[in-house]
Amino acid sequence: MASIKPSVPKGTRDFSPAEMVKRNYIFDTIKSVFRKYGYQQIETPTMENSSTLMGKYGEEGDKLIFKVLNSGDYLAKVDEQKLIERNSNSVAVAISEKALRYDLTVPFARYVVQHQNEITFPFKRFQVQPVWRADRPQRGRYREFYQCDADVVGSDSLLNEAEFIMIYDEALTKLGLKDFSIKINNRKILSGIAQVIDKADNIIDLTVAIDKLDKIGLDGVIKELLEKGFTDADIDKLKPVILLEGNNTEKLSSLREALAQSQIGLKGCDEIETVFGYIERCPLQTAKLELDITLARGLNYYTGAIFEVKTNEVNMGSIGGGGRYDDLTGMFGLKGLTGAGISFGADRIYDVLEELNLFPAGSNQTTRVLICNFDKEGELYSLPLLQALRRNNINTELYPAGAKIKKQMEYANNKNIPYVVVVGGDEMQTGLLTFKDMTSGVQEKLTADEIVAKLN
RNA sequence: GUAGGCAUAGCUCAGUUGGUUAGAGCACCAGAUUGUGGUUCUGGGGGUCGUGGGUUCGAGCCCCAUUGCUUACCCCA
(Lines give C-alpha, C1' and ligand atoms only; values in the text may rest on other atoms or scores of the structure.)
Protein backbone atom coordinates (compact mmCIF):
# COMPACT_ATOMS: atom_id res chain seq x y z
CA MET A 1 0.00 0.00 0.00
CA ALA A 2 1.33 3.38 -0.93
CA SER A 3 1.93 5.46 2.14
CA ILE A 4 0.03 8.72 2.32
CA LYS A 5 1.66 11.97 3.17
CA PRO A 6 0.54 12.87 6.69
CA SER A 7 -1.30 16.14 6.88
CA VAL A 8 -4.30 17.76 8.54
CA PRO A 9 -7.17 19.48 6.74
CA LYS A 10 -6.68 23.06 5.72
CA GLY A 11 -7.25 25.51 8.54
CA THR A 12 -6.88 22.91 11.30
CA ARG A 13 -3.91 22.34 13.59
CA ASP A 14 -2.29 19.83 15.88
CA PHE A 15 -1.52 20.97 19.39
CA SER A 16 1.64 19.45 20.82
CA PRO A 17 2.29 19.09 24.56
CA ALA A 18 4.09 22.42 24.91
CA GLU A 19 1.22 24.18 23.16
CA MET A 20 -1.42 22.40 25.18
CA VAL A 21 0.16 23.60 28.41
CA LYS A 22 -0.11 27.16 27.17
CA ARG A 23 -3.59 26.73 25.76
CA ASN A 24 -4.83 25.22 29.00
CA TYR A 25 -3.30 28.10 30.90
CA ILE A 26 -5.49 30.46 28.86
CA PHE A 27 -8.60 28.32 29.13
CA ASP A 28 -8.15 27.76 32.87
CA THR A 29 -7.65 31.45 33.53
CA ILE A 30 -10.75 32.44 31.60
CA LYS A 31 -12.85 29.66 33.11
CA SER A 32 -11.84 30.58 36.64
CA VAL A 33 -12.99 34.15 36.07
CA PHE A 34 -16.28 32.96 34.54
CA ARG A 35 -16.87 30.82 37.63
CA LYS A 36 -16.03 33.68 39.92
CA TYR A 37 -18.86 35.67 38.39
CA GLY A 38 -21.32 32.84 38.83
CA TYR A 39 -21.29 31.28 35.37
CA GLN A 40 -21.75 27.52 35.11
CA GLN A 41 -20.21 25.35 32.44
CA ILE A 42 -22.17 23.38 29.88
CA GLU A 43 -21.19 21.50 26.75
CA THR A 44 -23.26 20.81 23.68
CA PRO A 45 -22.68 18.22 20.95
CA THR A 46 -20.16 18.73 18.18
CA MET A 47 -22.99 18.08 15.74
CA GLU A 48 -26.35 19.75 15.72
CA ASN A 49 -29.30 18.99 13.50
CA SER A 50 -28.87 21.00 10.34
CA SER A 51 -32.25 22.58 10.94
CA THR A 52 -30.94 24.05 14.20
CA LEU A 53 -28.09 25.82 12.46
CA MET A 54 -29.22 26.59 8.95
CA GLY A 55 -30.58 30.05 8.36
CA LYS A 56 -29.26 31.47 11.62
CA TYR A 57 -26.14 33.09 10.25
CA GLY A 58 -27.40 34.59 7.05
CA GLU A 59 -26.89 33.33 3.54
CA GLU A 60 -23.11 33.56 3.74
CA GLY A 61 -23.15 31.75 7.06
CA ASP A 62 -25.04 28.78 5.67
CA LYS A 63 -22.33 28.25 3.10
CA LEU A 64 -19.72 28.15 5.84
CA ILE A 65 -21.39 25.39 7.84
CA PHE A 66 -19.70 21.99 7.60
CA LYS A 67 -22.32 19.40 6.76
CA VAL A 68 -22.13 15.81 7.91
CA LEU A 69 -23.07 13.09 5.44
CA ASN A 70 -25.86 10.76 6.50
CA SER A 71 -24.90 7.19 7.31
CA GLY A 72 -25.78 4.23 5.18
CA ASP A 73 -26.89 4.27 1.59
CA TYR A 74 -27.87 7.90 1.68
CA LEU A 75 -28.18 8.34 -2.07
CA ALA A 76 -30.84 5.66 -2.35
CA LYS A 77 -33.35 7.81 -0.50
CA VAL A 78 -32.80 10.92 -2.56
CA ASP A 79 -35.49 11.97 -4.94
CA GLU A 80 -34.44 10.99 -8.46
CA GLN A 81 -35.34 14.37 -9.85
CA LYS A 82 -32.99 16.18 -7.44
CA LEU A 83 -30.07 14.04 -8.56
CA ILE A 84 -30.78 14.74 -12.18
CA GLU A 85 -30.96 18.47 -11.53
CA ARG A 86 -27.51 18.32 -9.93
CA ASN A 87 -28.43 21.14 -7.57
CA SER A 88 -25.91 20.91 -4.75
CA ASN A 89 -28.05 22.72 -2.23
CA SER A 90 -31.15 20.61 -2.56
CA VAL A 91 -29.14 17.39 -2.70
CA ALA A 92 -27.16 18.49 0.36
CA VAL A 93 -30.34 18.87 2.36
CA ALA A 94 -31.37 15.40 1.32
CA ILE A 95 -28.13 13.63 2.15
CA SER A 96 -27.10 15.57 5.26
CA GLU A 97 -29.25 16.13 8.30
CA LYS A 98 -26.44 16.96 10.74
CA ALA A 99 -23.81 19.70 10.77
CA LEU A 100 -20.84 20.82 12.87
CA ARG A 101 -21.57 23.68 15.20
CA TYR A 102 -20.68 27.07 13.77
CA ASP A 103 -20.64 28.98 17.04
CA LEU A 104 -21.66 28.43 20.65
CA THR A 105 -24.48 30.93 20.80
CA VAL A 106 -27.07 29.23 18.61
CA PRO A 107 -26.53 25.79 20.21
CA PHE A 108 -26.91 27.54 23.54
CA ALA A 109 -30.20 29.07 22.47
CA ARG A 110 -31.35 25.63 21.39
CA TYR A 111 -30.21 24.27 24.77
CA VAL A 112 -32.08 26.92 26.73
CA VAL A 113 -35.34 26.27 24.92
CA GLN A 114 -34.98 22.53 25.17
CA HIS A 115 -34.18 22.63 28.89
CA GLN A 116 -36.28 25.64 29.86
CA ASN A 117 -38.13 23.77 32.59
CA GLU A 118 -34.91 22.68 34.33
CA ILE A 119 -33.26 26.07 34.17
CA THR A 120 -33.42 28.71 36.87
CA PHE A 121 -33.40 32.17 35.33
CA PRO A 122 -31.43 34.30 35.01
CA PHE A 123 -29.27 31.51 33.67
CA LYS A 124 -25.56 32.23 33.48
CA ARG A 125 -23.62 29.69 31.51
CA PHE A 126 -20.15 29.45 30.06
CA GLN A 127 -18.94 27.14 27.35
CA VAL A 128 -15.46 26.45 26.00
CA GLN A 129 -15.56 24.29 22.90
CA PRO A 130 -14.32 24.24 19.34
CA VAL A 131 -16.42 25.51 16.47
CA TRP A 132 -16.01 24.88 12.73
CA ARG A 133 -16.32 27.12 9.74
CA ALA A 134 -15.75 26.14 6.12
CA ASP A 135 -14.10 29.48 5.57
CA ARG A 136 -11.02 30.25 3.56
CA PRO A 137 -8.28 30.32 6.20
CA GLN A 138 -6.01 33.32 6.58
CA ARG A 139 -4.08 35.11 9.28
CA GLY A 140 -5.79 34.63 12.64
CA ARG A 141 -8.59 32.70 10.97
CA TYR A 142 -8.97 28.96 11.18
CA ARG A 143 -11.53 26.36 10.14
CA GLU A 144 -11.47 24.86 13.60
CA PHE A 145 -11.05 27.13 16.57
CA TYR A 146 -12.15 27.47 20.17
CA GLN A 147 -14.63 29.90 21.54
CA CYS A 148 -14.89 30.77 25.23
CA ASP A 149 -18.37 32.12 25.72
CA ALA A 150 -20.22 33.44 28.75
CA ASP A 151 -23.87 34.32 28.33
CA VAL A 152 -26.73 35.21 30.59
CA VAL A 153 -30.34 34.74 29.54
CA GLY A 154 -33.46 35.93 31.29
CA SER A 155 -32.15 39.19 32.67
CA ASP A 156 -32.39 42.55 30.99
CA SER A 157 -30.39 44.28 33.71
CA LEU A 158 -27.50 46.38 32.48
CA LEU A 159 -25.56 45.06 35.45
CA ASN A 160 -24.83 42.07 33.22
CA GLU A 161 -23.20 44.31 30.64
CA ALA A 162 -21.11 45.92 33.36
CA GLU A 163 -20.06 42.52 34.67
CA PHE A 164 -18.96 41.43 31.22
CA ILE A 165 -16.65 44.41 31.13
CA MET A 166 -15.28 43.40 34.52
CA ILE A 167 -14.79 39.83 33.33
CA TYR A 168 -12.81 41.00 30.33
CA ASP A 169 -10.74 43.27 32.53
CA GLU A 170 -10.05 40.62 35.12
CA ALA A 171 -9.28 37.73 32.79
CA LEU A 172 -7.01 39.66 30.45
CA THR A 173 -5.24 41.32 33.38
CA LYS A 174 -4.65 37.88 34.88
CA LEU A 175 -3.18 36.74 31.57
CA GLY A 176 -0.68 39.56 31.81
CA LEU A 177 -1.93 42.02 29.23
CA LYS A 178 -0.93 45.55 30.13
CA ASP A 179 -2.69 47.69 27.56
CA PHE A 180 -6.01 46.78 26.00
CA SER A 181 -9.29 48.50 25.19
CA ILE A 182 -12.83 47.36 25.69
CA LYS A 183 -14.90 49.14 23.12
CA ILE A 184 -18.57 49.50 23.73
CA ASN A 185 -21.40 50.65 21.53
CA ASN A 186 -25.13 50.18 21.47
CA ARG A 187 -27.22 48.98 18.62
CA LYS A 188 -29.91 51.46 19.66
CA ILE A 189 -27.48 54.30 19.05
CA LEU A 190 -26.84 52.96 15.57
CA SER A 191 -30.57 52.72 14.98
CA GLY A 192 -30.90 56.28 16.22
CA ILE A 193 -28.29 57.51 13.79
CA ALA A 194 -30.06 55.80 10.92
CA GLN A 195 -33.34 57.28 12.08
CA VAL A 196 -31.98 60.82 12.28
CA ILE A 197 -30.90 60.75 8.64
CA ASP A 198 -34.14 58.99 7.78
CA LYS A 199 -32.42 55.84 6.56
CA ALA A 200 -33.73 53.33 9.07
CA ASP A 201 -34.13 50.76 6.31
CA ASN A 202 -30.48 51.02 5.34
CA ILE A 203 -29.10 50.53 8.81
CA ILE A 204 -27.09 47.47 7.76
CA ASP A 205 -25.35 49.26 4.89
CA LEU A 206 -24.75 52.21 7.19
CA THR A 207 -23.18 50.25 10.01
CA VAL A 208 -21.18 47.92 7.80
CA ALA A 209 -19.64 50.99 6.22
CA ILE A 210 -18.80 52.90 9.40
CA ASP A 211 -17.49 49.73 11.00
CA LYS A 212 -14.66 49.95 8.49
CA LEU A 213 -13.59 53.44 9.55
CA ASP A 214 -10.25 52.47 11.07
CA LYS A 215 -9.59 50.14 8.15
CA ILE A 216 -10.42 52.24 5.09
CA GLY A 217 -10.58 55.74 6.61
CA LEU A 218 -13.23 58.42 6.38
CA ASP A 219 -12.90 58.78 2.61
CA GLY A 220 -13.36 55.07 2.13
CA VAL A 221 -16.45 55.07 4.31
CA ILE A 222 -17.94 58.01 2.44
CA LYS A 223 -17.24 56.33 -0.88
CA GLU A 224 -18.94 53.15 0.26
CA LEU A 225 -21.94 55.07 1.60
CA LEU A 226 -22.35 56.96 -1.67
CA GLU A 227 -22.26 53.65 -3.54
CA LYS A 228 -24.98 52.33 -1.27
CA GLY A 229 -27.24 55.22 -2.17
CA PHE A 230 -26.64 57.65 0.66
CA THR A 231 -26.70 61.32 -0.30
CA ASP A 232 -24.15 64.05 0.35
CA ALA A 233 -26.64 65.61 2.74
CA ASP A 234 -26.84 62.35 4.71
CA ILE A 235 -23.10 62.21 4.90
CA ASP A 236 -22.81 65.78 6.13
CA LYS A 237 -25.11 64.85 8.97
CA LEU A 238 -23.23 61.64 9.66
CA LYS A 239 -19.72 63.06 9.69
CA PRO A 240 -19.78 64.70 13.11
CA VAL A 241 -21.26 61.54 14.61
CA ILE A 242 -18.73 59.23 13.01
CA LEU A 243 -15.85 61.46 14.00
CA LEU A 244 -16.91 61.94 17.62
CA GLU A 245 -14.06 63.15 19.77
CA GLY A 246 -13.24 63.55 23.42
CA ASN A 247 -13.65 61.31 26.42
CA ASN A 248 -16.63 59.05 26.94
CA THR A 249 -18.65 61.72 28.74
CA GLU A 250 -18.02 64.26 26.02
CA LYS A 251 -18.87 61.77 23.29
CA LEU A 252 -22.10 60.88 25.04
CA SER A 253 -23.25 64.48 25.35
CA SER A 254 -22.46 65.19 21.69
CA LEU A 255 -24.38 62.08 20.78
CA ARG A 256 -27.38 63.14 22.81
CA GLU A 257 -27.45 66.39 20.86
CA ALA A 258 -27.15 64.63 17.53
CA LEU A 259 -29.79 62.08 18.44
CA ALA A 260 -32.19 64.48 20.14
CA GLN A 261 -34.89 63.61 17.61
CA SER A 262 -34.54 59.86 18.06
CA GLN A 263 -36.12 58.24 21.06
CA ILE A 264 -34.38 54.94 20.47
CA GLY A 265 -31.05 56.66 20.02
CA LEU A 266 -31.43 58.43 23.35
CA LYS A 267 -32.37 55.13 24.97
CA GLY A 268 -29.07 53.74 23.72
CA CYS A 269 -27.25 56.67 25.29
CA ASP A 270 -29.04 56.04 28.57
CA GLU A 271 -28.02 52.40 28.54
CA ILE A 272 -24.39 53.19 27.91
CA GLU A 273 -24.45 55.78 30.65
CA THR A 274 -25.92 53.29 33.10
CA VAL A 275 -23.17 50.79 32.31
CA PHE A 276 -20.53 53.47 32.78
CA GLY A 277 -22.15 54.27 36.11
CA TYR A 278 -21.73 50.70 37.31
CA ILE A 279 -18.12 50.63 36.21
CA GLU A 280 -17.39 53.89 38.04
CA ARG A 281 -18.23 52.15 41.29
CA CYS A 282 -16.10 49.11 40.41
CA PRO A 283 -13.01 50.59 38.79
CA LEU A 284 -11.25 48.46 36.22
CA GLN A 285 -7.72 47.21 36.78
CA THR A 286 -6.20 47.57 33.35
CA ALA A 287 -8.75 47.94 30.57
CA LYS A 288 -9.54 51.21 28.89
CA LEU A 289 -13.27 51.44 28.38
CA GLU A 290 -14.13 53.40 25.25
CA LEU A 291 -17.38 54.38 23.67
CA ASP A 292 -16.88 53.71 19.97
CA ILE A 293 -19.86 54.27 17.74
CA THR A 294 -18.11 52.80 14.72
CA LEU A 295 -18.38 49.41 16.37
CA ALA A 296 -21.08 47.44 14.60
CA ARG A 297 -20.14 43.78 14.72
CA GLY A 298 -22.54 40.88 14.51
CA LEU A 299 -25.39 43.11 13.61
CA ASN A 300 -27.81 40.36 12.73
CA TYR A 301 -28.90 39.55 16.26
CA TYR A 302 -27.50 42.19 18.60
CA THR A 303 -30.11 44.61 19.86
CA GLY A 304 -28.42 46.50 22.71
CA ALA A 305 -24.85 46.72 23.89
CA ILE A 306 -22.05 45.66 21.56
CA PHE A 307 -18.54 44.88 22.83
CA GLU A 308 -15.21 44.38 21.23
CA VAL A 309 -11.83 43.95 22.90
CA LYS A 310 -8.54 44.89 21.29
CA THR A 311 -5.01 44.74 22.55
CA ASN A 312 -2.94 47.84 21.96
CA GLU A 313 0.35 46.01 22.42
CA VAL A 314 0.46 44.03 19.19
CA ASN A 315 -1.22 44.28 15.84
CA MET A 316 -4.04 41.79 16.01
CA GLY A 317 -7.72 41.78 15.25
CA SER A 318 -10.16 41.76 18.11
CA ILE A 319 -9.52 39.24 20.86
CA GLY A 320 -13.06 39.24 22.17
CA GLY A 321 -16.52 40.46 21.48
CA GLY A 322 -20.14 40.20 22.43
CA GLY A 323 -23.35 42.01 23.06
CA ARG A 324 -27.02 41.84 23.92
CA TYR A 325 -29.60 40.04 21.82
CA ASP A 326 -33.24 40.39 22.75
CA ASP A 327 -34.72 37.46 20.93
CA LEU A 328 -32.15 34.73 20.62
CA THR A 329 -34.48 31.92 21.66
CA GLY A 330 -37.36 33.21 19.60
CA MET A 331 -36.27 31.19 16.61
CA PHE A 332 -36.75 28.05 18.69
CA GLY A 333 -40.18 29.09 19.85
CA LEU A 334 -39.41 30.66 23.20
CA LYS A 335 -40.33 34.31 22.93
CA GLY A 336 -39.46 37.21 25.13
CA LEU A 337 -36.24 35.89 26.60
CA THR A 338 -33.42 38.39 26.49
CA GLY A 339 -29.79 37.46 26.60
CA ALA A 340 -26.35 38.97 26.54
CA GLY A 341 -22.98 37.40 26.15
CA ILE A 342 -19.31 37.70 25.43
CA SER A 343 -16.67 35.58 23.83
CA PHE A 344 -12.91 35.34 24.20
CA GLY A 345 -10.87 34.54 21.11
CA ALA A 346 -8.53 32.02 22.70
CA ASP A 347 -6.52 31.35 19.56
CA ARG A 348 -5.76 35.01 19.04
CA ILE A 349 -5.02 35.54 22.74
CA TYR A 350 -2.51 32.71 22.41
CA ASP A 351 -0.74 34.51 19.60
CA VAL A 352 -0.71 37.74 21.59
CA LEU A 353 0.73 36.13 24.73
CA GLU A 354 3.31 34.33 22.62
CA GLU A 355 4.40 37.52 20.95
CA LEU A 356 4.62 39.40 24.23
CA ASN A 357 6.32 36.49 25.96
CA LEU A 358 3.70 36.41 28.69
CA PHE A 359 3.39 32.68 29.28
CA PRO A 360 4.65 31.77 32.75
CA ALA A 361 8.12 30.24 32.83
CA GLY A 362 8.47 26.57 33.63
CA SER A 363 4.93 25.91 32.60
CA ASN A 364 6.16 23.18 30.34
CA GLN A 365 7.44 20.91 33.09
CA THR A 366 5.00 18.21 33.86
CA THR A 367 7.10 15.48 35.46
CA ARG A 368 9.23 16.56 38.42
CA VAL A 369 11.22 13.41 39.00
CA LEU A 370 12.52 10.68 36.72
CA ILE A 371 13.81 7.48 38.32
CA CYS A 372 16.54 5.88 36.21
CA ASN A 373 17.60 2.28 36.56
CA PHE A 374 19.62 -0.36 34.75
CA ASP A 375 17.76 -3.63 34.90
CA LYS A 376 14.70 -5.46 36.12
CA GLU A 377 16.15 -5.61 39.62
CA GLY A 378 16.55 -1.84 39.73
CA GLU A 379 13.09 -1.38 38.32
CA LEU A 380 11.54 -3.51 41.08
CA TYR A 381 13.67 -1.82 43.72
CA SER A 382 12.46 1.60 42.54
CA LEU A 383 8.76 0.87 42.73
CA PRO A 384 8.25 1.77 46.42
CA LEU A 385 10.00 5.10 45.92
CA LEU A 386 7.92 5.72 42.80
CA GLN A 387 4.75 5.12 44.73
CA ALA A 388 5.87 7.16 47.74
CA LEU A 389 6.60 10.15 45.53
CA ARG A 390 3.28 9.87 43.74
CA ARG A 391 1.41 9.48 47.04
CA ASN A 392 2.94 12.83 47.94
CA ASN A 393 1.54 14.31 44.77
CA ILE A 394 4.91 14.60 43.11
CA ASN A 395 4.66 13.86 39.40
CA THR A 396 7.10 11.00 38.93
CA GLU A 397 8.09 8.61 36.18
CA LEU A 398 10.07 5.39 36.32
CA TYR A 399 11.96 4.80 33.09
CA PRO A 400 11.28 1.26 31.90
CA ALA A 401 14.30 -0.96 32.51
CA GLY A 402 16.66 -1.78 29.69
CA ALA A 403 17.80 1.58 28.37
CA LYS A 404 21.23 3.11 28.65
CA ILE A 405 21.56 5.67 31.41
CA LYS A 406 22.52 8.25 28.80
CA LYS A 407 19.26 7.65 27.01
CA GLN A 408 17.34 8.07 30.23
CA MET A 409 19.14 11.31 31.04
CA GLU A 410 18.37 12.64 27.58
CA TYR A 411 14.75 11.77 28.12
CA ALA A 412 14.72 13.77 31.36
CA ASN A 413 16.45 16.64 29.69
CA ASN A 414 14.17 16.79 26.67
CA LYS A 415 11.13 16.58 28.87
CA ASN A 416 12.40 19.34 31.11
CA ILE A 417 12.31 17.12 34.19
CA PRO A 418 14.18 18.95 36.97
CA TYR A 419 15.24 15.97 39.14
CA VAL A 420 16.60 12.53 38.39
CA VAL A 421 17.14 9.62 40.76
CA VAL A 422 19.60 6.94 39.65
CA VAL A 423 19.13 3.44 41.06
CA GLY A 424 22.02 1.10 40.24
CA GLY A 425 23.94 -1.70 41.95
CA ASP A 426 25.75 0.57 44.42
CA GLU A 427 22.58 2.38 45.34
CA MET A 428 20.65 -0.81 45.98
CA GLN A 429 23.44 -2.13 48.18
CA THR A 430 23.83 0.98 50.34
CA GLY A 431 20.28 2.31 50.16
CA LEU A 432 21.78 5.68 49.27
CA LEU A 433 20.34 6.74 45.94
CA THR A 434 21.95 9.16 43.53
CA PHE A 435 19.82 12.30 43.39
CA LYS A 436 20.64 14.72 40.62
CA ASP A 437 19.48 18.28 40.15
CA MET A 438 19.31 18.64 36.37
CA THR A 439 19.44 22.41 36.44
CA SER A 440 22.68 22.73 38.38
CA GLY A 441 24.06 19.30 37.51
CA VAL A 442 24.84 18.68 41.20
CA GLN A 443 24.47 15.14 42.53
CA GLU A 444 24.15 13.86 46.07
CA LYS A 445 23.50 10.55 47.80
CA LEU A 446 20.19 10.41 49.66
CA THR A 447 17.92 7.77 51.08
CA ALA A 448 14.50 7.27 49.57
CA ASP A 449 12.88 8.96 52.56
CA GLU A 450 15.18 11.94 52.25
CA ILE A 451 14.29 12.32 48.59
CA VAL A 452 10.58 12.32 49.33
CA ALA A 453 11.09 14.85 52.14
CA LYS A 454 13.26 17.06 49.97
CA LEU A 455 10.73 17.28 47.15
CA ASN A 456 7.72 17.65 49.38
C1' G B 1 -16.70 33.67 -5.19
C1' U B 2 -12.09 37.37 -6.87
C1' A B 3 -6.74 38.37 -7.06
C1' G B 4 -1.55 37.72 -5.80
C1' G B 5 2.64 34.86 -3.65
C1' C B 6 5.04 30.28 -2.46
C1' A B 7 6.24 24.81 -3.15
C1' U B 8 14.06 22.09 -2.51
C1' A B 9 16.02 16.97 3.81
C1' G B 10 11.63 15.82 9.63
C1' C B 11 11.68 21.71 10.40
C1' U B 12 13.48 26.78 8.67
C1' C B 13 15.59 28.08 4.30
C1' A B 14 20.12 28.97 0.47
C1' G B 15 20.88 27.39 -4.54
C1' U B 16 24.62 32.68 -9.28
C1' U B 17 22.79 34.18 -17.18
C1' G B 18 20.07 27.07 -17.41
C1' G B 19 25.98 23.54 -16.73
C1' U B 20 29.68 18.00 -13.12
C1' U B 21 27.73 14.21 -7.64
C1' A B 22 21.68 19.87 -4.96
C1' G B 23 23.78 22.67 0.16
C1' A B 24 23.47 25.09 5.36
C1' G B 25 21.42 25.60 10.26
C1' C B 26 18.32 23.06 13.57
C1' A B 27 16.47 18.13 14.61
C1' C B 28 17.73 12.80 14.43
C1' C B 29 21.44 8.53 14.96
C1' A B 30 26.42 6.87 16.50
C1' G B 31 31.16 7.69 18.79
C1' A B 32 34.64 10.62 22.11
C1' U B 33 32.29 9.10 27.74
C1' U B 34 30.89 0.24 28.43
C1' G B 35 26.88 4.60 35.43
C1' U B 36 25.24 10.74 33.58
C1' G B 37 21.63 14.92 30.20
C1' G B 38 22.18 19.93 28.84
C1' U B 39 27.63 22.49 26.74
C1' U B 40 31.99 20.76 23.24
C1' C B 41 34.33 17.76 19.33
C1' U B 42 34.10 13.84 15.38
C1' G B 43 31.33 10.98 12.09
C1' G B 44 26.57 9.28 9.88
C1' G B 45 21.68 8.60 7.83
C1' G B 46 18.37 11.03 5.25
C1' G B 47 15.97 14.42 -1.38
C1' U B 48 11.59 11.30 -7.51
C1' C B 49 13.72 19.62 -5.97
C1' G B 50 4.83 19.10 -5.03
C1' U B 51 2.81 16.34 -9.58
C1' G B 52 2.35 15.86 -15.08
C1' G B 53 3.84 17.57 -19.68
C1' G B 54 6.98 20.90 -22.79
C1' U B 55 11.55 23.82 -24.47
C1' U B 56 16.92 22.47 -24.45
C1' C B 57 22.88 18.90 -25.85
C1' G B 58 21.57 19.78 -20.62
C1' A B 59 16.09 22.05 -16.13
C1' G B 60 15.79 22.83 -8.91
C1' C B 61 16.09 27.32 -12.26
C1' C B 62 12.49 28.75 -18.41
C1' C B 63 7.11 27.67 -20.45
C1' C B 64 2.12 25.29 -19.84
C1' A B 65 -1.15 22.57 -16.88
C1' U B 66 -2.46 20.52 -12.19
C1' U B 67 -2.52 19.89 -6.88
C1' G B 68 -1.37 21.76 -2.15
C1' C B 69 -0.18 25.77 1.06
C1' U B 70 -0.46 30.90 1.98
C1' U B 71 -1.85 36.32 1.85
C1' A B 72 -5.41 39.96 0.68
C1' C B 73 -10.55 41.25 -0.98
C1' C B 74 -15.86 39.82 -0.13
C1' C B 75 -17.54 37.92 4.32
C1' C B 76 -16.99 36.64 9.31
C1' A B 77 -15.20 37.10 14.79
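Here is how names work: the chains are called A, B, and so on, in the same order as the sequence lines, proteins then strands, and each is numbered from 1.
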- Query: Donor-acceptor pair under 3.5 Å: do we get one between A:Q443's side chain and the base of B:rU36?
  - Reply: yes
- Item | Check: B:rG38 base within 3.5 Å donor-acceptor of A:N413 side chain | no
- In sequence, state the C-alpha distance, the side-chain angles, and the governing distance for A:R324 and A:E271, and then conclude on salt bridge (charged side-chain N to carboxylate O under 4.0 Å, His left out). CA-CA 12 Å; A:R324 177 168 291 274; A:E271 288 187 12; over 6 Å; no
- Query: Base, sugar-phosphate, or nothing: which does A:G61 touch, judged by heavy atoms less than 4.0 Å apart?
  - Reply: nothing
- Under a 4.0 Å N-O cut-off, is there an ion pair linking A:R13 with A:E144? no
- Contact class for A:Y411 (heavy atom, under 4.0 Å): base, sugar-phosphate, or nothing? nothing
- Side-chain atoms of A:K404 come closest, of B:rA77, B:rG31, B:rG37, to B:rG31
- Task: Flag the pair A:Y168 / A:F344 as yes when their ring centroid distance falls below 6.0 Å, and as no otherwise.
- Result: yes
- Query: Reckon A:D426 touches a base, only the sugar-phosphate, or nothing at all at heavy-atom distances under 4.0 Å?
  - Reply: base
- Note on the structure: If pairing means Watson-Crick or G-U wobble with both distances under 3.5 Å, then the partner of B:rC6 is B:rG68
- Task: Check whether any side-chain nitrogen or oxygen of A:K406 sits under 4.0 Å from OP1 or OP2 of B:rG35, and answer yes or no.
- Result: no
- Query: Quick check, are the ring centers of A:F34 and A:F27 under 6.0 angstrom apart?
  - Reply: no
- Residues A:K454 and A:E444 bridged, charged N to O under 4.0 Å: yes
- Counting only distance, no hydrogens or angles, is the base of B:rC75 paired donor-acceptor with the side chain of A:R141 under 3.5 Å? yes
- Message: Tell me which residues in residues 431-440 of chain A lie within less than 4.0 Å of RNA chain B, going by non-hydrogen atoms.
- Response: A:T434, A:K436, A:M438, A:T439
- Message: Could you check whether A:E379 pairs with A:K376 (Lys NZ or Arg NE/NH1/NH2 to Asp/Glu carboxylate O, under 4.0 Å)?
- Response: yes
